[in-house]
Amino acid sequence: FSPSVLGTREHWDAAYERELQTFQDIGDTGEIWFGEESMVRIIRWLEKHKVPLDSSVLDIGTGNGVLLVELARSGYMNLTGIDYSPSAIQLSEKVREKEGMSNIKLKVEDFLAPSAELSGFDICIDKGTFDAISLDPSDAVGKRKLYVGSLCRVLKPEGFFLITSCNWTKEELLNEFREGFEILEELPTPKFCFGGRIGNSVTALVFQRK
């Protein structure tokens, strides 16, 4: 991928500072990455596979924390969200407070250098964070490898990893996560038709840690 400002911490700090101000002004929680349907897709999969409600869930790059709020509404109790942007965590704390979801844990953490206590999760979820890392102007390839290593550290063996991406195809993601993970399922996403060919603008996969 071509390097992009979307891969820099400065961009996300500024973006979430704006969203935090907007939330304080008018109560708008801001953008939901990949839309509402992406959250519904994740929750449906968890429910379909009868994932226990007390399973420990980590939202990697939680942003405004809205996914965690929806998981809490669905009955999940052991929820943690991390983001390397302090403004994002401030915003997600405000959203958590507004929704009365006191059981959601939120931390400023860089997933590429996770703290020791960030470990033992049953489920890890990523909506767009791996995409952003892939656009980092500074050694994106090395950072993608760090990401996979961090995922192996924080996710329990046989734990589930649900990733939603608009930058990567299924085959490319299988290659990126080939070490330590196996594909369980591809989740249905909206299709588009262009020039007689059908494709997906978003890829959503479920991996299991070996």
Side-chain angles (χ1 to χ4, degrees), residues 1-4 6-8 11-12 31-49 51 55 57-63 67-68 71 80-84 109-114 118 121-194 197-210:
F1 300 108
S2 301
S4 165
L6 292 172
T8 66
H11 168 81
W12 295 111
E31 186 178 356
I32 297 171
W33 274 55
F34 304 111
E36 298 264 356
E37 68 185 19
S38 65
M39 299 194 294
V40 172
R41 190 186 304 128
I42 289 165
I43 292 166
R44 273 196 190 136
W45 187 89
L46 295 172
E47 291 174 346
K48 177 185 166 188
H49 292 271
V51 173
S55 300
V57 180
L58 177 66
D59 186 20
I60 302 165
T62 196
L67 172 59
L68 293 171
L71 286 165
T80 301
I82 61 166
D83 205 293
Y84 69 3
E109 285 257 13
D110 181 353
F111 189 66
L112 302 187
L118 207 70
F121 286 93
D122 298 305
I123 296 149
C124 289
I125 300 172
D126 180 321
K127 286 199 308 110
T129 299
F130 188 71
D131 282 357
I133 286 167
S134 305
L135 299 172
D136 195 318
S138 165
D139 188 22
V141 173
K143 286 180 176 171
R144 294 202 312 264
K145 286 181 178 165
L146 281 175
Y147 181 104
V148 176
S150 294
L151 190 59
C152 285
R153 282 202 301 282
V154 306
L155 186 61
K156 286 180 182 173
E158 300 188 1
F160 301 119
F161 172 53
L162 290 79
I163 182 168
T164 305
S165 169
C166 62
N167 284 354
W168 298 88
T169 65
K170 175 185 176 181
E171 290 69 27
E172 288 168 337
L173 286 171
L174 290 178
N175 184 54
E176 289 293 314
F177 293 95
R178 67 189 180 279
E179 292 190 16
F181 297 89
E182 58 187 3
I183 180 76
L184 276 188
E185 197 172 338
E186 180 175 15
L187 304 182
T189 59
K191 289 187 164 38
F192 66 91
C193 184
F194 183 76
R197 295 185 66 187
I198 294 174
N200 294 68
S201 55
V202 172
T203 303
L205 301 180
V206 181
F207 288 93
Q208 187 166 28
R209 197 187 144 200
K210 293 177 185 172

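- Here the side chain of Asp59 pairs no donor or acceptor atom with the backbone of Leu68 at under 3.5 angstrom.
- A donor and an acceptor atom, one from each side chain of Thr62 and Asp83, are nowhere located under 3.5 Å apart.
- Between the NE2 atom in His49 and the CZ atom in Arg44 there is a gap of 13.0 Å [rounded to 0.5 Å].
- Minimum interatomic distance between Ser55 and Ile123 (heavy atoms only, all atoms of both residues): CB-CD1, 4.0 Å.
- When all heavy atoms of Ile133 and Tyr147 are compared, the closest pair comes out as CD1-CD1, 3.4 Å.
- Applying the side chain to side chain contact (heavy atoms under 4.5 Å, CB included) test between Ile60 and each of Val154, Leu151, Ile125, Ile163 identifies Leu151 as the sole match.
- Across all their heavy atoms, Pro114 and Ser150 have their closest contact at CD-OG, 3.5 Å.
- Pairing each heavy atom of Leu112 with each of Lys143, the nearest pair is CD2-O, 3.6 Å.
- Counting only distance, with no hydrogens or angles, the side chain of Arg209 and the backbone of Leu155 share a donor-acceptor pair below 3.5 Å.
- The salt bridge (charged side-chain N to carboxylate O under 4.0 Å, His left out) search around Lys210 returns none, not counting sequence neighbours.
- Taking SG of Cys152 as the reference point, atom CZ of Phe161 lies at 10.0 Å (rounded to 0.5 Å).
- Here the closest non-hydrogen pair linking Thr189 and Val202 is OG1-O, 2.7 Å.
- Using a 4.5 Å heavy-atom threshold, the side chains of Thr80 and Val57 count as separate.
- A donor-acceptor contact shorter than 3.5 Å is absent between the side chain of Glu185 and the backbone of Val206.
- Here the CD-OG1 distance, from Glu37 to Thr164, works out to 10.0 Å after rounding to the nearest 0.5 Å.
- Expressed to the nearest 0.5 Å, how far NZ of Lys170 lies from OG1 of Thr203 amounts to 10.0 Å.
- Under the salt bridge (charged side-chain N to carboxylate O under 4.0 Å, His left out) criterion, Lys156 pairs with Asp122, not counting sequence neighbours.
- Enclosure of atom CZ in Arg153 by more than 12 non-hydrogen atoms of other residues, nucleotides or ligands within 6.0 angstrom is indicated.
- Taking the side chain as every heavy atom from C-beta outward, Asn167 and Leu135 approach each other to under 4.5 Å.
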Next on the checklist: side-chain contact (heavy atoms from CB on, under 4.5 Å), that's the test. Do Leu187 and Leu205 meet it? Break it down for me.
Outcome noted: CA-CA 6 Å; Leu187 304 182; Leu205 301 180; over 6 Å; no
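- Looking at Ser134, its side chain does come within 3.5 Å of a backbone N or O of Phe130 through a donor-acceptor pair.
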Anything under 3.5 Å between a donor and an acceptor, one on a side chain of residues 173-184, the other on a protein residue two or more places apart or in another chain? List them.
residue: Asn175; atom: OD1; partner: Arg178; partner atom: NH1; Å: 3.1
residue: Glu176; atom: OE1; partner: Arg144; partner atom: NE; Å: 2.9
residue: Glu176; atom: OE2; partner: Arg144; partner atom: NH2; Å: 3.4
residue: Arg178; atom: NH1; partner: Asn175; partner atom: O; Å: 2.5

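- Rounding to the nearest 0.5 Å gives a distance of 11.5 Å between OG of Ser38 and CG of Leu162.
- Glu172 places a side-chain N or O within donor-acceptor distance of the main-chain N or O of Thr169, the cut-off being under 3.5 Å.
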